[in-house]
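Residue numbers start from 1 in every chain, and the chains themselves are labelled A, B, ... in the order their sequence lines are given, proteins ahead of strands.
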Amino acid sequence: MPELPEVEMVRRYVEERCVGRTITKVKILDEAILDRLLPSQFVSSVRCRAVRGISRHGKQLFLDLASTLMTVHLGMTGDLIILKGRKKLPKHARAVFALDDGTRLVYDDPRKFGAIGITSSFADFAEEHRLGPDALEISKKEFILRAQKSHRAIKSVLLDQHIVAGVGNLYADESLYQSRINPLTASDDLSEEERGRIWVEIRHVLNASIDVSTDFQELPGSFLLHSRVVGSPCHRCNGLLQSMRVGGRTTVFCPICQESR
DNA sequence: GAGTATGTTATATG
DNA sequence: GCATATAACATACT
């Protein structure tokens, strides 16, 4: 499911349906998704609490339960869905929160890479996980500065949540494609102009995806995400899209307009 | 069966 | 200790 735009869609979905509701019952179906705490500890800190709001930082969600924050990370395959009435749970439901309007908020996650937990404040959580600034909040100046501090491939830098939070594999590729920069370029070898261009494209790409509710088919053909298929023609030149491994992740790019150096 | 998957982090290495 | 690279986690799908 989730990079920043997908997580933002989930945030809006939950905000619309759960804010103002009270959690009446909690059922943990698989305690492996709890972030270093026992089901009993978790349940006692969220049960009977009203949901005051939901915020997002990078790919991380925070449900404001007044005296505590419930943290939700969707991992690779996590999702939050609201069930009305007696509908049956999805196959990989890991936690169920009954709400006072009769609906149920369900955390579903086949691969169980996600995590649910509690924290006292966003600052504590960000500190503990050393999260960088949110990709849509970070200033151009700050991004340029942070990206200059690493000698790693720029692709790996974009994926590093400690540097900037929210960009994942697909949007990193898209941002570099739009910037016409080779993913292997050492981050500190990029000019200030190039790093600035990447900052612009990250915002452009994330916002464009949110604008189409992360339906890639709705993105213009000039987006890699519209048809991210190796061997298909680059929208800008005669090149054919290629893939390679960067930092252990599959990376799709155009070898012509994202020439290496 | 092999390979791959929108993520994070513990562990290894230099 | 630091920066970086890689393995591991669990499941589904091609």
Side-chain angles (χ1 to χ4, degrees), chain A residues 1-11 13 29-36 56-61 71-80 89-95 107-117 119 125-132 134-136 146-177 183-189 202 205-206 208-210 212-219 223-231 242-253:
Chain A
M1 239 258 141
E3 295 183 40
L4 188 152
E6 288 79 13
V7 177
E8 175 61 18
M9 297 312 293
V10 172
R11 190 197 70 75
Y13 172 80
L29 302 171
D30 189 334
E31 53 186 279
I33 53 110
L34 290 181
D35 186 18
R36 290 166 300 168
R56 180 193 57 71
H57 183 96
K59 305 170 192 171
Q60 186 71 47
L61 289 169
T71 62
V72 180
H73 194 291
L74 304 175
M76 197 91 97
T77 55
D79 198 9
L80 286 172
L89 294 174
K91 189 174 172 190
H92 300 289
R94 308 299 183 188
Y107 179 69
D108 183 66
D109 186 3
R111 287 174 73 178
K112 297 195 278 188
F113 284 1
I116 297 180
T119 191
F125 186 91
E127 162 98 352
E128 188 187 355
H129 293 262
R130 298 181 309 138
L131 282 180
D134 180 86
L136 287 176
R146 284 173 164 260
Q148 217 233 312
K149 291 182 177 174
S150 174
H151 189 60
R152 281 183 292 164
I154 181 62
K155 162 87 185 247
S156 299
V157 166
L158 296 184
L159 291 179
D160 188 340
Q161 306 298 298
H162 308 123
I163 296 173
V164 55
V167 179
N169 199 39
L170 299 184
Y171 293 98
D173 282 1
E174 184 70 60
S175 303
L176 292 173
Y177 176 73
L184 286 173
T185 315
S187 190
D188 60 355
D189 280 351
I202 289 173
V205 161
L206 296 178
S209 181
I210 292 170
V212 297
S213 303
T214 73
D215 179 351
F216 297 162
Q217 290 313 302
E218 293 297 313
L219 290 170
F223 278 69
L224 199 57
L225 289 170
H226 185 81
S227 54
R228 191 176 180 268
V229 179
V230 174
Q242 274 187 15
S243 82
M244 61 181 172
R245 305 289 283 187
V246 180
R249 310 300 300 281
T250 295
T251 300
V252 178
F253 69 112

Under 4.0 Å between a side-chain N/O of Gln161(A) and OP1 or OP2 of dG7(B), yes or no?
no

From CG of Leu4(A) across to P of dG7(B) the rounded distance in Å is 11 Å

Protein heavy-atom contacts under 4.0 Å, written 5' to 3' over nucleotides 1-14 of chain C as B (base), S (sugar-phosphate only) or - (none), form the string ---SS---BBBS--

* To do: Using the P atom as the reference point in each nucleotide, state the distance between dT11(B) and dA10(C) in Å, no decimals.
  => 15 Å

Parsed dot-bracket for DNA chain B after applying the Watson-Crick and G-U rules with both distances under 3.5 Å and | for other-strand partners is .||||.||||||||

What distance, rounded to whole Å, do you find between the two P atoms, one in dA8(C) and one in dA2(B)?
-> 16 Å

Quiz item: Ignoring hydrogens and geometry, is there a side-chain-to-backbone donor-acceptor pair from Glu174(A) to Leu206(A) under 3.5 Å?
Solution: no

From NE2 of His73(A) across to C1' of dT6(B) the rounded distance in Å is 11 Å

| Charged N to carboxylate O below 4.0 Å: is that the case for Arg36(A) and Glu128(A)? | yes

Taken to the nearest whole Å, CZ/Arg130(A) to P/dT9(B) is 9 Å

Exercise. Does a donor on one side chain and an acceptor on the other come within less than 3.5 Å for Thr250(A) and Arg245(A)?
Worked result: yes

Original post:
P atom, dT4(B) versus dT6(C): distance in rounded Å?
Top reply: 15 Å

Side chain to side chain donor-acceptor pair (under 3.5 Å) with Lys155(A): of Thr185(A), Asn169(A), Asp160(A), only one passes, and it is Asn169(A)

Indicate whether OP1 or OP2 belonging to dT8(B) is found under 4.0 Å from a side-chain N or O atom of His129(A). no

Pairing donors with acceptors under 3.5 angstrom, does anything connect the side chains of Tyr171(A) and Asp173(A)? no

Review point. Any salt bridge between Asp108(A) and Lys91(A), counting N to O under 4.0 Å?
Key: no

(Q) Check this for me, if you would: do Lys149(A) and Asp188(A) make a salt bridge, where the nitrogen-to-carboxylate-oxygen distance has to be below 4.0 angstrom? (A) no

Rounded to whole Å, CE of Met244(A) lies from C1' of dT4(B) at a distance of 18 Å

Rounded to whole Å, the CG-C1' distance (Leu158(A) to dT6(B)) equals 15 Å

Base, sugar-phosphate, or nothing: which does Thr77(A) touch, judged by heavy atoms less than 4.0 Å apart?
nothing

Whole-Å distance, Asn169(A) CG to dA5(B) C1', equals 9 Å

Looking for any heavy atom pair under 4.0 Å, which part of the strands does Arg245(A) touch: base, sugar-phosphate only, or nothing? sugar-phosphate

